[in-house]
Amino acid sequence: MSDSASISSGIADRYATAIFELAKEENNIGALEAGADLLDAALKESAEFRDLISSPVYSRDEQAGAIGAIAKKLELAPMLTNALALMASKRRLFVLPQLVASLRALIAEEKGEMTADVISAQPLSKANLDELTKVLSASADKTVKVNATVDNSLIGGLVVKMGSKMIDTSIRAKLNALQNTMKEVG
């Protein structure tokens, strides 16, 4: 991990912990989870939003005004709206993607859940997703929430990341392993 990524992660973790503890005190974890999901969706869907949080071209006031409008439109809980306003005033909005990930991890831990990131070469059917969720939940002995994405470069198979474990059954990984074996032989 690069130094800047490590610093961003540290900043995001501190904000996430503070927001999470506040939500826990207010018995409002559900609203926090909904807000994290809405922010994640907005970040994935809007290039303008990603630009707003990462571009130094926007002033603190412009970022604060825009993030306030976004929070209002998404109907985020006051604790999350206030945290975003604080982050804008401190020019820390660039850590928003890491903040959402940290919040989701804290919420999942509180609920006794785990998140598994599953990358497939093609979209998984509902039946396949349900079966995979069942198998992963049994293996982790916890409720597992699957975050599925598609990467065509895998050619086929899956990459599953759950906690500190990663299982790569993709054809791309097998071809890379075969290529390395061929280099050793030659």
Salt bridge flag under 4.0 Å for residues K24 and E33: no
When you measure from the side chain of N128 to the backbone of L124, do you find a donor-acceptor pair of N or O atoms at a distance under 3.5 Å? no
Would you check, one step at a time, whether the test side-chain contact (heavy atoms from CB on, under 4.5 Å) holds for I119 with V150? CA-CA 5 Å; I119 306 166; V150 176; over 6 Å; no
S137 side-chain N/O to V144 backbone N/O, donor-acceptor pair under 3.5 Å: yes
Looking only at non-hydrogen atoms, find the nearest pair between N152 and A121 and report the distance. OD1-O, 3.1 Å
Look at atom CD of E109 and say whether more than 12 heavy atoms of other residues, nucleotides or ligands are closer to it than 6.0 Å. no
To the nearest 0.5 Å, what is the distance between CG (N147) and OG1 (T115)? 7.5 Å
Is D40 salt-bridged to R104, cutoff N-O under 4.0 Å? yes
Does one hydrophobic cluster hold both L86 and L93, with members joined at side-chain heavy-atom distances below 4.5 Å? yes
Does any donor atom in the side chain of S59 or D61 lie under 3.5 Å from an acceptor atom in the other side chain? no
If hydrophobic clusters are built by linking Ile, Leu, Val, Met, Phe, Trp and Tyr wherever their side-chain heavy atoms come under 4.5 Å apart, do M87 and F20 end up in the same one? yes
Correct closest heavy-atom pair for P97 and I53 would be CD-CD1, 3.8 Å
Ignoring hydrogens and geometry, is there a side-chain-to-backbone donor-acceptor pair from T143 to E113 under 3.5 Å? no
How far apart are the C-alpha atoms of S139 and M162, what are their side-chain angles, what is the distance that settles it, and do they pass the side-chain contact (heavy atoms from CB on, under 4.5 Å) test? CA-CA 11 Å; S139 124; M162 192 165 72; 3.9 Å; yes
Tell me whether S54 contacts the main-chain N or O of R50 through its side chain, where contact means a donor paired with an acceptor under 3.5 Å. yes
In the single-linkage hydrophobic clustering (I, L, V, M, F, W, Y; side-chain heavy atoms under 4.5 Å), do V100 and V146 co-cluster? no
Would you sort out whether K145 and M114 count as a side-chain contact (heavy atoms from CB on, under 4.5 Å), showing the intermediate values? CA-CA 6 Å; K145 211 174 176 181; M114 258 187 119; over 6 Å; no
Kindly determine whether L158 and V118 satisfy side-chain contact (heavy atoms from CB on, under 4.5 Å), including the steps that lead there. CA-CA 7 Å; L158 296 172; V118 177; 3.9 Å; yes
Quick one: which of I70, L39, I19 gives a side chain to side chain contact (heavy atoms under 4.5 Å, CB included) with L84? L39
If every non-hydrogen atom of A66 is compared with every non-hydrogen atom of L52, which pair is closest and at what distance? CB-CD2, 3.5 Å
Gap between atom CG of N176 and atom NZ of K174 - 0.5 Å precision: 12.5 Å
To the nearest 0.5 Å, what is the distance between OG (S102) and CD1 (I107)? 10.5 Å
L32 to A23 - nearest heavy-atom pair and separation: CD2-CB, 3.7 Å
Tell me which one of L154, D151, I167 satisfies side chain to side chain contact (heavy atoms under 4.5 Å, CB included) with V159. L154
Evaluate the criterion salt bridge (charged side-chain N to carboxylate O under 4.0 Å, His left out) for residue pair K126 and D130; output intermediate values, then yes/no. CA-CA 6 Å; K126 173 93 171 97; D130 291 344; 3.1 Å; yes
Would the number of heavy atoms belonging to other residues, nucleotides or ligands and lying under 6.0 Å from CD of E75 be above 12? no
Mind checking whether I155 and L175 have side chains closer than 4.5 Å, heavy atoms only? yes
Return the minimal non-hydrogen interatomic distance between Q63 and S55, and the atom names on each side. NE2-O, 4.1 Å
Rounded to the nearest 0.5 Å, what separation is found between the CG atom of L136 and the NZ atom of K165? 10.5 Å
Which atom pair, heavy atoms only, marks the closest approach of A16 to L103? O-CD2, 3.6 Å
Any chance CG of N180 has more than 12 other-residue heavy atoms, nucleotides or ligands included, within less than 6.0 Å? yes
Can you tell if the side chain of K90 reaches within under 4.5 Å of the side chain of Y15, non-hydrogen atoms only? yes
